[in-house]
J.: 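Structure below; questions to follow.
Just so it is clear, the values below take in all heavy atoms, side chains as well, and ignore hydrogens, waters and symmetry mates. Source: prediction; values computed, not measured. Each ligand, and each atom within it, is numbered from 1 in the order the structure gives.
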Amino acid sequence: MLNLEKSAAAFEEAKGLMPGGVNSPVRSYANVDGGPPFIARAEGARIYDIDGNEYIDYVGSWGPMVVGHAHPQVVQALQEAATRGTSYGAPTCIESELAKLIMQVMPSIEMIRMVNSGTEATMSALRLARGFTGREKIVKFIGCYHGHSDSLLVSAGSGMATFGVPSSPGVTRGTAADTIAIPYNDPEAFQKLMEEHGSEIAAVIVEPVAGNMGCVLPRQGYLRLLRKLTEEQGALLIFDEVMCGFRASLGGAQAAYGITPDLTCLGKIIGGGLPVAAYGGRREIMEKISPAGPVYQAGTLSGNPLAMTAGLATLSIITAEPEPGEADYSRMLTLKTKKLLLGWQAKAREAGVTVQAHQAGSMFGIFFNEKEVWDYEDAAASDQEAFKVWFKSMLEQGIYLAPSQFETLFMSGAHTDEDIERTIEAAGTAFQKVAESRK
Ligand SMILES: *Cc1c(COP(=O)(O)O)cnc(C)c1O
C-alpha cells in the first residue's frame, strides 16, 4: 500500500485554506476517491511526493513539461534570467525571439500576442474575432474546453444545435446566449448550424485534437469541413492548440491535418512550465488588437522575461536539428508514445479488458469502453468504476496518471525505454485488477 500519510494531513489543512484544498479543481482527486499526493519536487520523468513516494509522471503539469521536469537547459536559462530581474513591464528582445520561433513552426501565425494563461488567450481571441467581424455569436463543441471565461463555460443539451445554457452558476444567460454548443465530430450538426446561423457567427473555436474529454481525434475530413464552411460564411476559425500545439505534431494539429486556421491559441508548452499563453494568426486580424487597433487587451506580466525564457529554452530543445541518423524530438516522442500504448493494449487484451486507445503525437489516453469514442457523449459512456480501479492500481505501482478518464496523458523526452517498460508492466497488473473487479 502506498503511504500517503503526510499528503493526507497536508490536504486536510489545504481544504480549510482553498476551495476543495486546491487551486485548480481536477487536482483534488474528487473523481477517484481519496486525496492527492502533495508534490515535493520533480526531475526528468519523475515526480516525488512529500511522503517520499516516487512516480513516473505522465501528467507533466497537464502538458507543458514536454522536455521533462527541471531540464538542465531550462533551469540554467531561468537562473540566469532571474538575476537580471523578473519583470519590467517594458519591451524586451526575448519576446521577439520567442515570437519568431513560434512563427517558424506555425506559419499561420503572422502576428502574435503573449498572455499569461490559456483562458486569457481564448477569451481574447474571441473578443478579437467579434471585433474583426462585427458579429456576436460564437460556436464551440461540447466537451471541448477552452479555459474558464464566461462565454466558453457553456455547453448544451445533447443532440441538436441549441443556443447555450450556462454550465456554471455565475455565467449570465445573456453571455451564454451568444455561445452555440454542438457535438464534436458531427459534420451534419455543423452543416445545419452554418446553414441556419452562419451569417451571425463571429468565430468557431475548436480543439482540433480534443484533449479535455480524454484524447479524442477529429474524424477524417472534419477539420476541413470546419475550414470550408467558416470561410464561406465569413466566420473566423480559431484552433485552440493550447494543448495539442507542439504535441499533435511539432507544428500542432494544423500541421498534422494540413489546415490553416485564422487564429491559433497556444499555451502550456510555450511557457515551459511558467505561465505563458498566446494568440495569433492572420496579420490583418491581429492588427485590430490594441494599440495597433481598437480591440483592447493588456497584461501587467504579459511577456515577462522569466516566462519568455522558460518558453524559449523549451521550444529551442524541441525544435533543435536532430543528430544525423536520429529522429527529431517530435518524432521521438510519437514513437515512445506508440510503444507505450501498444504495450497497454496488449496487456488489456491479456486481461480481457476492452479499451479504446487514442494517440496524437505525444498526447494519449485510453477509455474503458467497448465502443469507439468520437465525442463527449461517447466518452461519458465509458466505465468510470473500471477507471478508478485502474488509476489506483497504477498510482500504487508508482505511475502518476491524470485522476480522470476525461484528461489526456503526455509523453516527455525524459521518459526512457525502461520507464515505458515499467509502465507497461504496471498496466498489466492494473488491467488484471479491473478484470477481477468486474467478476
Ligand atoms: C489547458 C487548456 C486551456 C486553458 O489554459 P489555462 O492556462 O489553464 O487557462 C484552454 N484550452 C485548452 C485546449 C486547454 O487544454
Side-chain angles (χ1 to χ4, degrees), residues 22-28 58-66 106 113-127 129 138-155 167-168 179 181 184-185 203-218 223 226 237-248 252-254 256-257 261 263-281 297 299 301-304 307 310-311 314 358 360-365 375-376 379 402-404 406-410:
V22 290
N23 282 315
S24 197
V26 73
R27 299 177 195 171
S28 75
Y58 293 97
V59 178
S61 189
W62 306 92
M65 309 318 296
V66 66
M106 287 189 185
R113 171 59 66 81
M114 303 291 177
V115 292
N116 307 291
S117 71
T119 295
E120 238 185 290
T122 57
M123 178 184 79
S124 310
L126 289 185
R127 183 182 306 134
I138 58 151
V139 176
K140 78 174 286 283
F141 299 94
I142 298 167
C144 285
Y145 177 68
H146 306 290
H148 61 87
S149 74
D150 281 3
S151 50
L152 289 165
L153 272 190
V154 169
S155 153
S167 63
S168 163
T179 302
Y184 185 71
N185 262 335
V204 172
I205 186 167
V206 66
E207 284 184 74
V209 171
N212 288 287
M213 48 178 137
C215 181
V216 178
L217 274 56
L223 297 174
L226 300 189
L237 179 62
I238 305 176
F239 271 13
D240 180 354
E241 299 223 36
V242 169
M243 184 187 291
C244 60
F246 315 100
R247 285 226 179 247
Q254 51 196 272
Y257 293 93
L263 293 174
T264 299
C265 299
L266 297 173
K268 300 199 165 107
I269 282 180
I270 64 164
L274 267 73
V276 183
Y279 62 106
Q297 187 268 311
L301 292 173
S302 294
N304 75 76
T314 299
H358 293 180
S362 59
M363 291 168 64
F364 66 103
D375 61 15
Y376 181 73
S404 162
F406 309 121
E407 299 290 349
T408 291
L409 303 172
F410 303 100

J.: Could you pull out the closest heavy-atom pair between His146 and Thr122, with the gap in Å?
T.: O-OG1, 2.7 Å
J.: Any idea which heavy atoms bring Val209 and Pro218 closest together, and the distance?
T.: CG2-CD, 4.1 Å
J.: Are Gln297 and Arg113 close enough that a side-chain donor and a side-chain acceptor fall under 3.5 Å?
T.: yes
J.: Taking side chain as C-beta onward, heavy atoms only, is His358 less than 4.5 Å from Phe364?
T.: no
J.: If you look at every heavy atom in Cys265 and Ile238, which pair is closest and at what distance?
T.: SG-CG2, 3.9 Å
J.: Give every pair made of an N or O atom of ligand 1 and a protein N or O atom lying under 3.5 Å apart, one pair per line with both atom names and the distance to 0.1 Å, or write 'none'.
T.:
unit_1: ligand 1; atom_1: 5 (O); unit_2: Gly118; atom_2: N; d: 3.4
unit_1: ligand 1; atom_1: 7 (O); unit_2: Gly118; atom_2: N; d: 2.8
unit_1: ligand 1; atom_1: 9 (O); unit_2: Gly118; atom_2: N; d: 3.3
unit_1: ligand 1; atom_1: 9 (O); unit_2: Thr119; atom_2: N; d: 2.8
unit_1: ligand 1; atom_1: 9 (O); unit_2: Thr119; atom_2: OG1; d: 2.7
unit_1: ligand 1; atom_1: 11 (N); unit_2: Tyr145; atom_2: O; d: 3.3
unit_1: ligand 1; atom_1: 11 (N); unit_2: Asp240; atom_2: OD1; d: 3.4
unit_1: ligand 1; atom_1: 11 (N); unit_2: Asp240; atom_2: OD2; d: 2.7
unit_1: ligand 1; atom_1: 15 (O); unit_2: Asn212; atom_2: ND2; d: 3.2
unit_1: ligand 1; atom_1: 15 (O); unit_2: Lys268; atom_2: NZ; d: 2.6

J.: Just list the side-chain donor-acceptor pairs under 3.5 Å for residues 269-278, sequence neighbours left out, or say none.
T.:
none

